[in-house]
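Since the structure comes first, as C-alpha cells, the remarks are kept for the end.
Each chain gets a letter, A, B and so on, in the order its sequence line appears, and its residues count up from 1.
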Amino acid sequence: MAGKYKEYNQLNLPSIGEEILAKWNQAHAFEKSVELREGETPFVFYEGPPSANGMPGIHHVISRTLKDLVCRYKTMQGFQVKRKGGWDTHGLPIELGVEKELGITKEDIGKKISVEDYNKKCREVVMRFKDKWDDITQKMGYWVDLNNPYITFENNYIETLWWCLSELYKKGYLYESVSIQPYSPAAGTGLSSHELNQPGTYKDVKDTSATVMFKVSQKSKLKIKNFDGDAFLMAWTTTPWTLPSNLGLTVGLNIDYVLVRTINPYTLIPVQIILAKALLGKYFDLQVNIEGDAGSNINQGLDAWFSAGDAFIFNEATKTAEEKKKFEEIYIKRKNIPFKIIDEFKGKDLEGIEYEQLLPSEANTSEKIQEITPGAQPFRVILGDFVTTEDGTGIVHTAPAFGADDYRVGKKNNLGILTLVDKQGKFVDGVGEFSGRYVKDYKDEKGYIDVNVDIAVKLKLENRAFKVEKYEHNYPHCWRTDKPIIYYPLDAWFIKTTAVKDRMIELNKTINWKPATTGSGRFGNWLENMVDWNLSRSRFWGTPLPIWKTEDGEQQKCIGSIEELNSEIRKAAEVLGGETNKHYLHEGILDLHKPYVDDIVLVSADGQPMKRVPDLIDVWFDSGAMPYAQHHFPFENKEAFKQSFPADFIAEGVDQTRGWFYTLHALGVLLFDSVAYKTVVSNGLVLDKSGNKMSKRLGNVVDPFETINKYGADATRWYLITNASPWDSLKFDIGGIQEVQRKFFGTLYNTYQFFALYANVDGFAFKENYVPLKERPEIDQWILSSLNTLIKTVQQSMDDYEPTQAGRAIEEFVDSHLSNWYVRLCRRRFWKGEYEQDKICAYQTLYECLETLSLLIAPIAPFFADWLFVNLNDVSARFKNESVHHVLFPKAKKEVINADLEKRMQLAQDASSLILSLRKKVNIKVRQPLQKVSIPVIDKEMVERIKLVEDIIKAETNIKEIEILADDNNFIRKKAKANFKTLGKKLGAKMKWAADEIVKFDNTTIDKILEGNYLLNSDYGLKGEEAIYISAEDLEVSTDEIPGFEVANKGALTVALDIVISAELKKEGEAREFVNRIQNIRKESGFNLTDRIIVKVSANEGLQASFNEYKTYICAEILADSLEFLPEINDGNAIEINESIVNVNVIKK
RNA sequence: UGACUUAUAGCUUAACGGUGAGAGCAGUUGCCUUAUACGCAAAAGGUUAUUGGUUCGAAUCCAAUUAAGUCAACCA
C-alpha cells in the first residue's frame, strides 16, 4: 500500500534545507546528477575561482546562485554539466594579510623574515577561510566539485601557466619594456593600482606650480608667421622637478593657439608667447577696456616697448621710477598685464617647432641624451591626443620618464628619455645646483627647502617663468609612508595584446553577453582602447615569470615546463660547475615559487650564467588561464581539455569585466584564436537596503550564513533572483526575503498541505488511470492549460538566461492562478462527496500542478523543490529518480494549452473582482446574496465566454443571476476609442483628428464599422486628401453608463450590479450570517468537524422568520439536529446579525 | 577625468514608441463558513530625476544636466 503524504505543522525552510542537504550528501546526489548524464552532450561551465583568504559575503551568494541555477537547469535539460571548483590563491591581498598578521612591512621581507618563510606563511593563510567557503557552498545549495578543485599555487597549475607564457614567448607576444608606474621613493617600491586605490591615498596638497617659457629656436622661428623677435612656448607644470628632464612639448592637433605680445610680469621684459587661445583668460584679464583709463596706453606702450626691440628692458635707464611704479600699480597688482594677439594657428601648425632647452646641465646635454637613447630627436613640439584646454596653457611639458602619457608620446615621436631623478627621489649628479636634492621631502629633513621653489626662482630670474603659484590638487600618496608618489620608469614584461586586438573585437561579437550592453559597451570600449598587458609585479607570493637572462640581457630563455627547467638545471650545473644548482640536481625543482626559482642559475648557449628576472606575474593571468591550467593542459588531460573549451557559460560580477572576462578572452584569442566562453552573465552588485555599497566600515554587510540559517537558502536564492534582473544592482533588503518566504513559499507550502490533507483521507496515490483532459471539468482544463503555458514561459526565459522572468512567472502562477483561484474554487470538490471521477480529476490535476512546480522551481529553489518532489513522489512513485535534480525538465504540451480558455477564466476573475469592488463600494457583504448583475457585451464571442464562466462568477460573488446585455440592446451606450497602434501607422499627422472623430461615434456608427470598412473623411475629395477607411481592428470598443446601476469597468469589461436587497434576499442573507456565527461558536468551543449540535435562539421577530424559512439549509451547514426559538436565553452567546442582537445556546449532542 | 550602467508610488519593481503607467510590500479600510491572519479582499497612493529635442504620439528614442554605482585612470 502506498504511504501517506507527509503533513507538517508549519513551513520551516531552514530545516527543509538541512534535511535535504543531509540527504544529498548521503546519497551523493550531486555526483549522481553528473554521472546520470554520462555520454550526453556536455554543457561546459567554468568556475571563476574565489579567494578563500576572505570571508564569503552575500554578493558571492548571488553570482553563485546564478551559476548554480543555470547548471542545474542544463542538467535537467539533459546535458552533462561538470563543475570543477577552483581557488584563487596568489596576489596582493594575501601578502597584505600576512604582513598585517606578522606586523611587518615589505622592507622586512628578506631581512626580518626570509622569503621562504614569508611564502610559507602565505601558503598557509591562503586557505584560511576555506571551511567557511565550503560551508556556504553547501548551505546555499551550490553544486560544484570541491573535492577536486584547481588551486592556482600548485605546481601543476603553475606549470601550465608557464606553458602558456612560453607559447606567447614563442609567438613573440611576450616582451620586456619600460613602463611608467606609480613609485614610492620613500618606500623604494612600485605601487599597484590596488594600493593606489586604498582610501586616503589621494590627498589635496598645495604644490608649487610653474608656467614656464620655452624659447623657440632661431631656426624654427621662421615657421611662425608675422614674427619678429623671440617667441616662447608656455607650458604649465605642478612638478617643476621634472623640468630638467623635459624633452618635448605636446600640443593638441585641433586646439587653437595664439601668439601674444605681452610682458613678463616678473622681469617686466617684453615677450611674445604662445599658448592655447581658450586659456588666455587664465593669464590675462580679457575685460581690459581698451578705451578706458590707461587702456589705449597699454597697447601703445606695448608697441613702443616692442619697437625698441629685444634690447628694451624695463629698467631705470629707459623709464622713470614714476612710470615704473604706475605700471606696476595698474598692470601688475590689478593683474591687468597688457597683451595683444599677434597671430593665431592650430596645434598642427606648431608641430615640429624646435626650442631651446629650459634647464641645461651636464646631465642632460645632447651627448648624454644620444648616449642613453641613440638617434633621439628631443626639444620639439609634438602632437598628443591627451592635451586639453582644461587648465595650464594647452601646451604640455613632456618628460617621458615621469608620466605615462609623456612616455607613450615620447616614444612615438622619438624624443628619447631622461631620468634625472634616482630611485631615492633625489636629483642625480650633474644637474647643477639641484644635484643630490630630494624632489619632495622624502626623508623628513629638518628645514627641508622645496627644490621646486628653487627651480621656479631660477626660472623667474632667467625670464623663463611667467607665472608661479601654489596650486592645490589631488595627488596620490604612498599608503605606507604617506609620502607623495612619483611616476617613474620601471622595467616590466608585457603581453602584446594589441597584436590581436582586431581579432579580440571580432570574436567578442560572437559572445552572448547578458546584458548585451556590457559586452558592446564596457567590454567593447575596453577592447577598442586596449594597451599591452603589463604582466610584471614586484612581489613575493605569486607565479614567477619563467624567464632567465644573461647578465648583459642579451640572451633570454623562457621555460615552458618543469621537465625543461630540470634539464636546464642539470645542463647549467654541468657547464658552470661548482655550487651551481646543487640543491636541485637530484629531485629537480619541488616548488615553483620564490625563493627557489631565484636560486636557479641557467646557462646560455655560449656558456654565460643566466638569472631569472625577478618579476612575478599579474594574478589575473592565473585565473585567465584556468581553462588550460585546471586540466594541467597540455601535460595531462588533453582530451578533457578539448571537451571543455570553450565554455558554454560563465558568470561573475560585472566588476570582472576588465578582470577575469578580459583575461580569459585575451588568452583564448592569443593561444587558440578562439573565444574562451560563449555566454557570459555579468551580475550586478549587491548594495545595502538604501543603495549604499556594503562595506565593513559602514557595518552594513549582510552575513550570508545568518540569512540562510534564518530564512533558508531557497528563500534567499529566490529573492536574489526574482527581485531584480541579475545584472541590475540589487538593494538587499532582508524584508524582501521574508516576503518571498511568506508569499511564495508559504503559498506553495499551503497548497501542498491542503492537497496532502485530503489526499491522505481519500488515499489518493495517482494509481488511477490518467483522466483524459476532455473528461475533466473546465476548471481543471484551465489550470492545466495555464500550467503548460507557464512551462513554456519558464523554459524560454531560462534558455535566454533570464531567470528573473522565469521566477516571476512561477510566482504569478502559484499565487493568482493555483492558490487563489483554482484551489479556492475547487475546495469543495476535495472534501465533499465520494471518491469518484470528479474528485479523482481534482486530485490528479492538483497533483500534476504541484509536481510540475517542483520541477520548474528546482533550479532556483533546489531544496524546497526536492522536498516537494520527494514528498509527492514517495507516495505516487511516478518517477524512478530519487531527486528532482535527476529528472528531466518538463516540456510544455501544446495540445493542453487553450488560449481561449485562459482568456475566459481571466474574464471570470476580472468580473468577480469588479463585482466585489462594487459590493465594497456600497457596503454589501459577500454573504448577502444579490439578485442580478448585468454585463453588457460587444460581440458574440464575449457572450459565449461569459456563459461558460457564469457559474463561477455567481458562486464567487454570491449573485443569483447574470444578465448578458447583448449588443442590440439600446440600454447600453457603446464607446469607441481609436486604436492608436494600427491607425497611427496609417494616418501619421492626421491621427489626432481621427481620434477626436472616433470618440464622437454613436452606436450606429460603431456597429457599422464593426461590420465593415468605413470612410472616415467623406469630404476627402474636397480637401484633396486621401480617403481614410477604418475597420473593426482600428477601434477599441467598450461600454459604460448604465443608468440606475452601480457600474464598474476594466478595459472592455463592464459590470452593473443590481443592489436592491429584496425581503427575500435579506432573509437569505440573515440565514447565512447566522450560519457564519454558529460556525464561529463551534470553532471557539472546540467542537470536532463532525460533532452534531442543538441550537437554541432567543426570540427575535425579524430574524426568526428568516431562520425558519432557511431552517433546512442552516441545519445542514452547521450540523444541527434541532433549531429552537425560546423567549429568553440567559447563558448563551450574544451574536449580532445585521445590527440585531440575539442570544444563542449551542450544545454539543 | 573618462567609459559604462542606473533613476517609475514611502519601499521593491512591471510596462514590442501607441495614449486613463500595471503589480507586490508598508500604511488605510473591511473580512476567519472545515489549506492558509505567515491569510483574503477593497480603496487610496505617480509632474515616470530635471531640462530641451525627435515624433501624429515619449516612462520608452536623442542631447544636456543632476544624483548614485562599477571599472579604468589621475595626467601637464
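- In this structure, the side chain to side chain contact (heavy atoms under 4.5 Å, CB included) partners of Asp910(A), at least two apart in sequence or on a different chain, are Gln906(A), Lys1050(A), Leu1053(A).
- Residues passing the side chain to side chain donor-acceptor pair (under 3.5 Å) test with Tyr847(A) are Ser876(A), sequence neighbours excluded.
- One finds no side-chain N or O of Lys990(A) lying less than 4.0 angstrom from the OP1 or OP2 phosphate oxygen of rC56(B).
- Regarding Asn534(A), its CG atom lies at a distance of 14 Å from the P atom of rA72(B), rounded to whole Å.
- Residue Ala399(A) is out of contact with every strand shown, counting any heavy-atom pair closer than 4.0 Å.
- Listed by chain and number, the residues in a side chain to side chain contact (heavy atoms under 4.5 Å, CB included) with Ala994(A) are Leu987(A), Leu1016(A) (sequence neighbours excluded).
- Spacing between rU70(B) and rG27(B) at atom C1', rounded to whole Å, works out to 35 Å.
- Under the side chain to side chain contact (heavy atoms under 4.5 Å, CB included) criterion, Glu1073(A) pairs with Lys925(A), Arg927(A), Arg1077(A), Ile1137(A), Asn1138(A), not counting sequence neighbours.
- Contacts classified as side-chain hydrogen bond (donor to acceptor under 3.5 Å, both in side chains) and involving residues 514-524 of chain A (residues at least two apart or in different chains) are given here: Lys514(A)-Glu802(A).
- Using a 4.0 Å heavy-atom criterion, one finds that Gln753(A) contacts no nucleic acid atom at all.
- At the phosphate of rC75(B), OP1 or OP2 sits under 4.0 Å from a side-chain N or O atom of Tyr487(A).
- Nearest-nucleotide positions on RNA chain B for Arg927(A) and Gly394(A) put Arg927(A) closer to the 5' end.
- Proximity of the aromatic rings of Phe661(A) and Trp526(A) is defined here by a centroid distance below 6.0 angstrom, and this criterion is not met.
- When the P atom is used for both rU12(B) and rG52(B), the distance is 28 Å, rounded to whole Å.
- At the heavy-atom level, Gln10(A) lies under 4.0 Å from base atoms of the strands shown.
- Across rA3(B), rG18(B), rU13(B), the shortest atom-to-atom separation from the side chain of Asn525(A) is found for rA3(B).
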query: Could you write out RNA chain B as a dot-bracket string, with dots for unpaired bases, | for bases paired across to another strand, and Watson-Crick or G-U pairs counted at under 3.5 Å?
result: (((((((..((((....[...))))..((((.......))))......(((((..]....))))))))))))....

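- Checking the phosphate oxygens (OP1, OP2) of rC32(B), a side-chain nitrogen or oxygen of Asn1076(A) falls inside 4.0 Å.
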message: Generate the contact string for nucleotides 39-45 of chain B. Rules: B means base contact, S means sugar-phosphate contact only, - means no protein heavy atom under 4.0 Å.
response: SS-SS--

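- Remark: Asn529(A) is not in phosphate contact with rA3(B), judged by side-chain N or O atoms under 4.0 Å from OP1 or OP2.
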Polar-atom pairs under 3.5 Å, protein N or O versus N or O of nucleotides 53-55 of chain B: list them with distances, or write none.
none

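- Partners of Tyr711(A) under the side chain to side chain donor-acceptor pair (under 3.5 Å) rule, at least two apart in sequence or in another chain, are Gln738(A).
- Contacts of Gly403(A) with the nucleic acid, taken as non-hydrogen atoms under 4.0 Å apart, are absent.
- Aromatic ring centres of Tyr662(A) and Trp620(A) lie farther apart than the 6.0 Å criterion allows.
- For Asn958(A) and Arg919(A), the side-chain atoms include no donor-acceptor pair closer than 3.5 Å.
- In this structure, Tyr758(A) reaches the rA35(B) phosphate: one of its side-chain N or O atoms is under 4.0 Å from OP1 or OP2.
- Asp532(A) meets the side chain to side chain donor-acceptor pair (under 3.5 Å) test with Tyr175(A), Thr498(A); sequence neighbours excluded.
- Every residue meeting the side chain to side chain contact (heavy atoms under 4.5 Å, CB included) condition with Gln181(A), not counting sequence neighbours, appears here in chain and number order: Ser179(A), Leu490(A), Ala492(A), Asn534(A).
- Between Lys992(A) and Arg828(A), the residue anchored closer to the 5' end of RNA chain B is Arg828(A), taking for each the nucleotide with the nearest heavy atom.
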Would you be so kind as to tabulate the donor-acceptor pairs closer than 3.5 Å made by side chains of residues 740-749 of chain A, with sequence neighbours excluded?
{"unit_1": "Thr747(A)", "atom_1": "OG1", "unit_2": "Lys743(A)", "atom_2": "O", "d": "2.3"}
{"unit_1": "Tyr749(A)", "atom_1": "OH", "unit_2": "Tyr8(A)", "atom_2": "O", "d": "3.4"}
{"unit_1": "Tyr749(A)", "atom_1": "OH", "unit_2": "Gln10(A)", "atom_2": "N", "d": "3.3"}

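- Across rC56(B), rU12(B), rG2(B), the shortest atom-to-atom separation from the side chain of Asn723(A) is found for rU12(B).
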